[in-house]
Structure formats: C-alpha cells, structure tokens
Amino acid sequence: MAEEQLTGIDRNLTTYGDPTFSRFIRRAFLASQGFDEEDLGRPVVGIADTSSDYNTCHGNMPQMVAAVKRGVLEAGGLPLVFPTISLNEILFHPTTMFYRNLLAMDTEEMIRAQPMDSVVLLGGCDKTVPAQLMAAASADVPAVFCVTGAMRTGDWRGNRVGACTDCRRYYTSYRGGEISEPELAEVQQVLCSTPGTCMVMGSASTIACITETLGLMLPGGASPTSGSGDRLRNAVASGRAAVKLARDPVRPSEILTKPAFENALKVLVALGGSTNTIVHLMAIARRAGIDLTMDDLQSASDKIPLLVDCKPSGSVYMEDFHKSGGLPTLMKALETVVDPDPINIERRSVRDRLEDVDPPGDWQNVIRTLEAPLGNTGSLTTLRGSLAPDGAIIKTSAASPELFEHEGPAVVFDSPEDAANRLDDPATDITPDSVMVLRNAGPIAAGMPEAGSLPIPKRLAQKGVKDMVRVSDARMSGTAYGAVVLHCAPEAAAGGPLALVEDGDRIRLSVTERRIDLLVDEQELEARRSRFTAPSLPKRGWAKLYAKHVLQADKGADLDFL
Ligand code: FES
C-alpha cells in the first residue's frame with residue numbers, strides 16, 4: 001500500500017527503508033501497552049495534552065483528557081494522548097508570547113510526526129490556543145479544539161471578584177492608597193478561586209470564542225466554566241466529534257476561509273475582546289494562506305457595536321456570559337451581519353448552526369442585540385500615523401473617552417525595566433497630561449510582553465488619576481483597562497518611529513481620525529534617524545532564532561519561515 005494511503009496507526013511510518021518492517025515493529029511496541037489488532041484497526045485520535053504544574057489555568061486538564069478519551073472510545077476510536085509545551089501567562093519569563101511560536105512548532109511537528117487521523121487540541125491559557133490554531137492551520141489534519149474553561153468568580157467582603165481585571169483594579173487601588181496591604185493580601189486569596197482561565201473577556205476567553213466562531217470547536221464549547229458538567233460534556237462530545245472527523249475528514253483548510261475570519265473579527269468587536277486576539281488572528285490567517293489585514297479589522301469595527309457586558313469592557317464575568325447563552329446566542333444576535341456560509345468541524349454552516357438558537361432573551365442583560373447594543377461601534381480601533389506607519393491598536397471600549405482626543409508631552413521609557421525603575425521616581429517629570437511612551441518592548445526587542453498598560457505613577461494615582469495615554473510597541477493583557485495605544489509597527493528595535501521620540505516631544509492621539517502622531521518636523525526626525533543604532537540581538541538558542549525571524553505585530557509576530 002502506498003504510504004499516503006495508510007491510515008490510523010500506520011500513518012507517518014518511521015523510516016527504516018522497509019515499510020512492512022516499520023508496521024511490524026510499531027505493532028510490537030504497541031503490544032507492550034496491551035493494544036491488539038482490534039484496537040489498532042480503529043481510527044486514531046491524537047489528544048494534545050498541555051498539562052503542567054506550572055499552568056494553573058490548565059489545572060483541570062487531567063479531567064478533560066479523561067473526558068475526551070471517553071468520547072473517543074465511545075465512538076469507536078483509539079485515543080492516544082501526547083504532551084506538548086504548556087504556557088502559563090503568569091509563570092513565564094519574559095512573556096508567553098515569546099514562546100507562542102515555539103508551542104505552535106512543537107504542536108504542528110507532533111501532529112505531523114505521529115500517527116493520527118484527527119486530533120483534539122486541549123488548551124486554555126492565553127497563548128496555548130492561538131499556538132494550537134497556528135499549528136492546526138499548518139498541519140491541516142482534522143482538528144477539534146477544547147478549552148479548560150474559565151474560573152468561577154470569588155468574593156471579597158461582599159464584592160464579586162475575578163482574574164484579572166479585578167487583580168489590576170485592586171492593585172491600582174492599593175497604589176492609590178485606597179486599600180491597605182493586608183486588604184490587598186485578602187483579595188489576593190480570592191481572585192482565582194478555582195482552576196481555569198481568567199474569568200473575564202480577556203485573551204483566553206476571547207480566543208475561545210473566536211475558535212468557536214471560526215468553526216474549529218463544537219458549538220457552545222467556548223464558555224462553560226472549568227470543572228462544570230457543561231465543560232466535561234463538551235470534552236466528551238469533542239472526543240466523539242474527532243472520531244467522526246477521522247472517518248470523514250473536514251480539514252482546517254476547508255474551515256479557515258476569509259469569510260470565517262471576517263466573522264471572527266465581527267465577534268471580536270462585539271465581545272469588546274482582547275487586543276491580543278488581533279495579533280493571533282493575523283498569524284493564524286497567514287498560516288492558512290488568507291490575506292487578513294488591519295483594514296479588515298477596522299471594517300468590522302466600523303459596523304459592529306459592543307454587545308457583550310463582560311469585564312474589562314463591561315461589568316460581569318464569563319460564567320454570566322455562559323448562562324446567558326454564550327457564543328451561539330451572540331452569533332444569533334449578529335445573524336444579519338455575519339456571513340452565513342462558513343462551515344465548522346461538523347460541516348454545518350453558520351446558517352445551519354443558528355437555526356435552532358434563540359436570540360438574546362430579555363431575561364438576561366449580558367448579551368445585547370444590534371438594536372439595543374451596550375456600546376458604540378469601534379470597540380477596537382486601528383490607528384496609523386507618524387508613530388505607527390504600519391498600524392497600532394487601541395481598545396476604546398476599555399479606555400476613558402475623555403482621552404480619545406489628547407495631545408501631551410512625551411515621557412519616554414527605553415524598556416519595561418526602565419519603566420519599572422523610573423515610573424515612581426519623583427525625578428521623572430510626569431503629569432496627568434503626559435503621554436507615556438514605552439519602547440523596545442516589541443517582538444524583536446523583548447518578545448512583545450504585556451507591558452503596554454504601564455501603571456499610573458503612584459504619586460498621580462494617589463491624587464485620583466485613573467487613566468493616561470500610553471503608547472508602545474508592546475501588548476497589554478486582555479484583562480487590562482486604559483487609554484493604551486499598542487502594537488505600534490514597526491517596533492523601535494526595527495527602526496520604527498518610536499525609537500526617535502524624545503522626552504517633551506508632543507504626541508497627539510485622535511481616535512476620531514484614527515491617528516497617533518509624533519508632532520516633530522521631518523528634518524529633526526531625519527537627524528535623529530541618522531543617529532539610531534539597533535539593539536544587539538541574542539547570540540544563541542531559541543532567543544536568537546526568534547529575534548532573527550520574528551515578524552512585526554501587523555503580520556502576527558509569527559516566524560517568517562513558518
Ligand atoms: Fe491563564 Fe489568564 S493567566 S488565562
């Protein structure tokens with residue numbers, strides 16, 4: 001039999017120069033695990049397991065793996081679990097974004113190298129699912145996505161709290177002198193009350209919703225909380241769906257079409273979702289051979305208003321979104337403006353999937369309708385201008401409207417470390433009108449950490465200043481709030497205009513005009529440009545490979561050879 005016709009356990013044979021021997025020896029080794037011909041005649045479903053003691057957001061992964069395996073077995077498949085890198089946002093240095101592409105490579109290569117007819121990708125925390133989506137697009141093996149699910153909320157002195165919008169809110173209150181250190185310590189103990197992902201519409205929740213929108217997850221799979229029966233039933237059903245896919249493949253390349261991405265951008269805007277999703281979608285689209293641009297995002301943003309009342313753009317949490325119907329209900333609310341044709345892993349079109357879904361009920365207030373939205377259009381606004389010729393982004397739904405039109409003097413920080421050292425130094429001249437500029441925090445210089453939402457300097461926070469304009473080539477957490485201009489491209493380390501800013505330069509932000517400009521004349525900028533020297537890059541290992549090949553934010557910050 002030609003190798004390309006082999007299925008199940010005979011896929012991707014080890015090269016010994018004799019395929020018959022490869023099949024013989026493979027069965028010999030599998031016999032040691034108790035597998036007989038009946039087992040080995042079944043469709044093989046790989047299960048990518050991202051368990052790790054370092055990943056609290058995947059704390060329920062063993063339970064999820066068991067549930068997926070049960071679904072695979074019930075449907076007559078052979079489940080084979082394999083480990084990949086696991087990325088936790090909070091326990092990784094310098095940032096999980098630096099490792100997203102490594103996980104994408106790891107996952108893609110493990111799918112390609114091992115025998116499987118389909119794969120269930122189990123992720124959750126911010127960068128795991130984007131990396132797995134990139135891998136699925138490249139490997140093009142039928143894939144089902146399943147997430148660990150959001151944590152449930154905790155309670156502090158009668159106030160509902162959750163990670164991590166409230167982490168930042170209480171920390172800001174502490175810096176502003178509104179709560180004491182012992183009180184902050186009490187809050188710390190209840191912010192993450194269960195295993196699971198951050199329970200606001202941060203990066204993890206947003207990308208889960210986007211994965212469901214794209215069609216790579218079973219309907220309703222994005223929002224069940226971690227540890228709930230809904231979550232486990234979705235995992236079992238995903239196992240069964242993967243066996244169906246193994247027998248009757250629907251490949252990611254059939255699902256990841258331009259209209260599917262356009263629908264995803266509309267959902268992103270309606271969610272008031274994480275800015276990080278934009279970088280990830282650019283990377284996934286690039287892998288899928290789809291030309292997705294910042295203009296596509298702006299076009300979605302111009303049409304779609306904010307519909308979901310979840311923090312940080314709104315007031316409640318993922319469990320409330322789930323109880324209100326989750327992504328299917330939101331898609332129903334968007335039915336007249338999304339493309340009805342893209343299919344999902346069940347080969348069902350959006351039109352078909354929404355047939356039996358009810359529109360947002362008046363018994364809830366979390367998912368709104370296009371006729372009565374929560375906010376205006378433009379929750380995510382793309383910017384261009386002399387500070388970001390290739391684009392930047394601001395999440396207006398999580399920023400103070402009075403700063404949408406703002407001009408002020410620059411206060412420049414040369415790196416996240418420089419900001420940490422000088423932000424609270426009284427010698428650093430900052431007023432509420434200042435525009436704080438952070439550079440050398442882009443993909444090449446620093447792996448693009450979530451450092452863009454610089455804290456309000458303590459002395460200003462204590463005077464009640466809650467928001468200021470901040471501009472950087474970094475990202476910010478999907479759970480963060482503020483008038484923060486992010487992802488300026490090209491970044492400073494690539495010679496982008498952020499490298500030329502000096503303290504006291506005037507910077508103008510105009511959300512209405514969608515511009516971020518450095519108000520310095522071209523002759524002066526040319527003189528500064530001639531003095532620019534690029535920072536030295538790492539000399540070995542992953543850091544060297546990454547810095548040499550990483551693309552800018554507007555291209556998804558993937559490696560150029562992937
Ligand atoms: Fe893992 Fe927020 S830190 S989802």
Side-chain angles (χ1 to χ4, degrees), residues 48-61 64 84-100 103 121-133 145-154 161-171 187-212 217 221-228 231 268 271-277 279-280 310-313 316-319 321-322 395 398 447-453 474-481:
D49 178 356
T50 46
S51 300
S52 165
D53 283 352
Y54 286 97
N55 200 339
T56 60
C57 304
H58 294 190
N60 62 330
M61 185 70 70
M64 293 290 291
T84 67
I85 298 168
S86 184
L87 302 177
N88 180 269
E89 202 58 33
I90 311 298
L91 277 87
F92 266 64
H93 174 81
T95 164
T96 50
M97 187 62 181
F98 179 60
Y99 297 102
R100 182 201 63 177
L103 172 57
L121 293 147
L122 279 163
C125 193
D126 292 13
K127 303 305 173 297
T128 56
V129 179
Q132 292 173 327
L133 285 164
F145 280 75
C146 216
V147 292
T148 51
M151 295 179 252
R152 270 166 278 184
T153 47
V161 295
C164 239
T165 305
D166 297 329
C167 313
R168 294 169 201 285
R169 185 162 63 85
Y170 280 104
Y171 185 68
V187 177
Q188 185 189 52
Q189 297 308 304
V190 292
L191 283 166
C192 304
S193 60
T194 66
T197 52
C198 292
M199 61 285 244
V200 296
M201 196 53 77
S203 300
S205 301
T206 307
I207 202 75
C209 291
I210 292 302
T211 308
E212 186 178 329
M217 180 185 278
S223 58
T225 52
S226 159
S228 65
R231 172 54 62 212
L268 172 63
L271 289 169
S274 165
T275 48
N276 290 322
T277 313
V279 184
H280 302 319
C310 256
K311 291 186 178 200
S313 297
V316 294
Y317 299 87
M318 276 306 279
E319 60 198 71
F321 178 63
H322 179 63
K395 185 174 180 176
M448 216 180 174
E450 292 184 340
S453 53
R475 298 175 301 115
M476 78 171 181
S477 165
T479 63
Y481 180 96

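All ligand and atom numbering here is 1-based and tracks the order in the structure.
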Run through Asp53, Asn88, Thr50 and flag the one making a side-chain hydrogen bond (donor to acceptor under 3.5 Å, both in side chains) with His58.
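That would be Thr50.
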Out of Thr275, Thr96, Thr95, Asn276, which one pairs with Glu450 under the side-chain hydrogen bond (donor to acceptor under 3.5 Å, both in side chains) rule?
Asn276
Pair listing, salt bridge (charged side-chain N to carboxylate O under 4.0 Å, His left out) test, anchored in residues 198-209, at least two apart
none
Under 4.0 Å from ligand 1, counting heavy atoms only: the protein residues, by chain and number:
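These residues qualify: Cys57, Glu89, Ile90, Cys125, Asp126, Thr197, Cys198, Ala204.
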Pairing donors with acceptors under 3.5 angstrom, does anything connect the side chains of Arg475 and Ser203?
no
Going by atom types only, do Ser453 and Arg168 share a side-chain donor-acceptor pair under 3.5 Å?
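Result is no, nothing qualifies.
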Heavy-atom side-chain contact between Cys146 and Leu122 under 4.5 Å
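Yes, close enough: below the 4.5 Å cut-off.
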